[in-house]
Amino acid sequence: METAMSKRRILIVDDEPAFTRLLKLALERAGHYEVRVENSGLQALTVARAFQPDLVLLDVIMPDLEGSRVAEQMRMEPTQFNNNGKTLGS
């Protein structure tokens, strides 16, 4: 069994708690991931800075801050988000 240190960290950001809960359970059940969930685009940046995820699954349309704005902010501060300036998609 993998330790938490060797597991990949995934942050799921979506304003639908039922969806994020289901996805979190499915990913954790696989056993290779440490998963955090945030249901607010505004809070996602704070959580991402602290959690330092390897991957962020980000909803595009959210009521408080659109996913594109969250991604844009992460691209502007690559050293804060464990992405070394690399992004996937847009």
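Everything numeric here is computed off the predicted structure, so don't read it as measured data.
- The OG atom of Ser40 lies 11.5 Å from the CG atom of Asp14; values are rounded to the nearest 0.5 Å.
- Distance check: Arg21 CZ to Asn39 CG gives 8.5 Å after rounding to the nearest 0.5 Å.
- Residues Leu22 and Val37 do not share a hydrophobic cluster, clusters being chains of Ile/Leu/Val/Met/Phe/Trp/Tyr side chains in contact below 4.5 Å.
- From Leu11, atom CG reaches atom CD of Gln52 across 11.0 Å, with rounding to the nearest 0.5 Å.
- Closest heavy-atom contact between Met74 and Ala48: CE-CB, 3.4 Å.
- With a 6.0 Å radius and a threshold of 12 heavy atoms from other residues, nucleotides or ligands, Leu25 has its CG atom above the threshold.
- Residues satisfying the side chain to side chain donor-acceptor pair (under 3.5 Å) criterion with Glu28, sequence neighbours excluded, are Lys24.
- Qualifying salt bridge (Lys or Arg N to Asp or Glu O under 4.0 Å) partners for Arg49, counting only residues two or more places apart in sequence or in other chains: Glu77.
- Here Glu72 does not pair with Arg75 in a salt bridge; the nearest charged N to carboxylate O distance is not below 4.0 Å.
- The two residues Gly67 and Leu58 come nearest to each other via the heavy atoms O-CD2, 3.2 Å.
- Between Leu42 and Leu65, some side-chain heavy-atom pair lies under the 4.5 Å cut-off.
- Scored by the side chain to side chain contact (heavy atoms under 4.5 Å, CB included) test, Leu57 finds Ile10, Ile12, Leu23, Leu27, Leu55 as partners (sequence neighbours excluded).
- If you take OH on Tyr33 and CG on Asp54, they are separated by 10.5 Å, rounding to the nearest 0.5 Å.
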Carefully, step by step, assess Met62 and Val13 under the rule side chain to side chain contact (heavy atoms under 4.5 Å, CB included). CA-CA 9 Å; Met62 291 185 287; Val13 183; 3.8 Å; yes
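- Separating the NE2 atom in His32 from the OG atom in Ser6 is a distance of 10.0 Å, to the nearest 0.5 Å.
- Note on Glu34 versus Arg36: salt bridge recorded, some NZ/NE/NH1/NH2 to OD/OE distance being below 4.0 Å.
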